[in-house]
Structures are given as C-alpha cells and as structure tokens.
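Contents: one structure, followed by commentary.
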Protein chains: 2
Amino acid sequence: MNSPDAFNALCPTRQILDRIADKWTVLLLGLLAGRTMRFNELRRGVDGLSQKVLSQTLKSLERDGLVTRAVYPTVPVTVEYAITDLGRTLAATLEPLRLWAESHMNVIEQARADFDRRQQAAA
Amino acid sequence: MNSPDAFNALCPTRQILDRIADKWTVLLLGLLAGRTMRFNELRRGVDGLSQKVLSQTLKSLERDGLVTRAVYPTVPVTVEYAITDLGRTLAATLEPLRLWAESHMNVIEQARADFDRRQQAAA
DNA sequence: CCGAATCCTCTGGGATACTG
DNA sequence: CAGTATCCCAGAGGATTCGG
C-alpha cells in the first residue's frame, strides 16, 4: 500500500481534505464539540447556513463517522446530533483554525487594504 | 469594537475562515512553508490544481499578506513565491489538518463503507 | 515562464413548497 | 421539528488562446 499523500489528486486523502477543510465543518464541529445539539439549534448557531446545506453537511459528517444522528419518536420528532470520538480529534484540529481567523482578522484586513492601495497606485 | 465571531455571517472573520479553510490554501502553504517556489513548480507540486485557480489563489494569498511575490526580469521572466511570517503562523495551524486527513484516511473510508452498507440494508 | 482573457460548462447552493 | 423534492441561477472553475 502506498502512503497517503494529499498532494496527489488521486489519493483518497485529497477528497477527505476537501471535505474537512470547509468552513461549515469547522463551525459545526466547533459547536458539537461543546454539546449535543438538535437540527434547528445548529441552524440558529451558525448564521448564514441554509437548511439544505446544513442537512447535506450533517449527512456527510455522519457518513464519515464524525457525528452520530439519533432520532427520538416524540411528536414532533426530535433529532439529536452528537460528536464522535473521531470527530472530537478533528474538532481539536480545526479549532485553532477558527481561532487563527478570529485573532488575525485585523492584520488580514490591514494587509488587504495595503494591497488594494498599492494596486490603486499602480493603475 | 465588537469581538470577532466566525459564527456570525457578517463578521469579517467568517470571510477569512472561508478563504483559509480551503484545500488549495492548505496544500500551497504546506509547500511554501518548506521553501520559496516558482509558479510552475507549485503547479507541479499540487496535482489537479489548474493554472487559473493557482493564479487566483496565489493572488488572494498575496493580498492577505500570507505570501510575497517577487518578479525577476530574466528572459523568460522568473517569479518566486515566498511565505511570510504571518503565513508561517497559518501554515503551522493548517499542517495538522493535512496530517489528520492523511493519518485518518483508512478510518474514514471504513466509516463510509459501513454507512453505505447500512443505507443499502435499509433500502 | 508566468500569467491575463475569453468562453463555456456544470454544480453548489438559495428559495420555495411539501411530507412524516 | 426535521427533513426531502424541485426549480433555478450565479459563480467556480476547466480548456484554450494570447501577450509580455
């Protein structure tokens, strides 16, 4: 068996990287790392995430063994999503990413402003 | 000033997260963290990355202050991309993500097979 | 060699409506 | 409440061509 290599387009790792390097995955696993949550709870927790995409993303996460889906036959039905042990290891890897974005927001915006000004000056 | 919050769609952090949580960013910064590289060198280094998308991604990375672009007036022209100090901090954050994908490839594929088999059984 | 520009395709994802 | 189904469109991105 050849070693996993994300730089190779044909390696399954590439596909996995594409899935997990996704803003919705980062945010959803960030929430679920805290506690088990219901569908609409997650929807409200992640602003701008449509119901369709939430549904798709959760199904992918469940398929990959990162979250579990539990249905309780109440009326109306209750569905709870919980993070798995595997998902928790990924969440731990993704959290620094969100924190980096939040802590470097100002630096990035400054860099963008500088870049745009230089472009403007060149034109 | 209100605190950065990636869960809020209107926060600039959201946009930044969207840009950095990207497979091409992960792979390109992973390469550039090792050494300065030229355009076609990067193109060859990341399999499946088209010239157009590479060009776009590099421009974004440069605008965000994560890489620098140096042009040398040789014939033909030489263009070198180097990671910045800021980019290096991000690369350090992204590397675990690529490693996670590579080291959990088998577990994920197993989970997917199990899931698909359960779906099949239910149908 | 390093791109910019053009064209064209395809699909991610929004809006809406309907079920169990 | 928690989805699935349908329609629809903007925009991502591949292929190709051209320029510095």
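The basis for the numbers below is simple: all heavy atoms, side chains too, and nothing from hydrogens, waters or symmetry mates. Within every chain, numbering begins at 1; the chains are lettered A, B, ... in the order of the sequence lines, protein sequences first and strands thereafter. Just so it is clear, the structure is predicted and the values come from calculations on it, not from any experiment.
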Sugar-phosphate only, base, or nothing, as touched by B:V77 at under 4.0 Å among non-hydrogen atoms: base
Touch class at under 4.0 angstrom, heavy-atom based, for A:Y81 against every strand present: sugar-phosphate
Polar contact flag, side-chain donor to acceptor under 3.5 angstrom, A:Q110-A:N106: no
Interatomic distance, A:L42 CG vs D:dC1 P [rounded to whole Å]: 13 Å
Between D:dG3 (P) and A:N40 (CG): distance, integer Å: 9 Å
Audit row: B:I16, B:R19, side-chain contact (heavy atoms from CB on, under 4.5 Å) steps and yes/no: CA-CA 5 Å; B:I16 293 174; B:R19 285 237 15 82; 5.8 Å; no
B:F7-A:I83 co-clustered via ILVMFWY side chain contacts under 4.5 Å: yes
Phosphate contact (C:dA4 OP1 or OP2) by B:K59 side-chain N/O below 4.0 Å: yes
Below 4.0 Å: OP1/OP2 of C:dG3 and any side-chain N or O of B:R69: yes
Sugar-phosphate, base or nothing in reach of A:R43, heavy atoms under 4.0 Å: nothing
Which nucleotide in C:dA4, C:dC2, D:dG13 has an atom nearest any side-chain atom of B:S55: C:dA4
Closest-nucleotide ordering on DNA chain D, the 5'-leading residue of A:K52 and A:T78: A:T78
Nucleotide C:dC1, atom C1' - distance to CD of B:E41 in whole Å: 12 Å
N/O (side chain, A:R38) to phosphate O (OP1/OP2, D:dA2) under 4.0 Å: yes
Value in whole Å for how far the P atom of D:dG3 lies from CZ of A:F39: 5 Å
Value in whole Å for how far the C1' atom of D:dG3 lies from CG of A:L49: 14 Å
A:E41/A:R35 ion pair, N-O < 4.0 Å: yes
Whole-Å gap separating C1' (C:dA4) and CD (A:Q119): 14 Å
Same cluster (ILVMFWY, side-chain, under 4.5 Å), B:L29 and B:L42: yes
side-chain N/O A:S50 vs C:dA15 OP1/OP2, d < 4.0 Å: no
Distance, rounded to the nearest Å, where B:Q56 contributes CD and D:dA12 contributes P: 8 Å
Options D:dC1, C:dA5, C:dT16, nucleotide nearest the side-chain atoms of A:P76: D:dC1
Nearest-Å distance for atom pair CG/C1', residues B:L58 and C:dA4: 14 Å
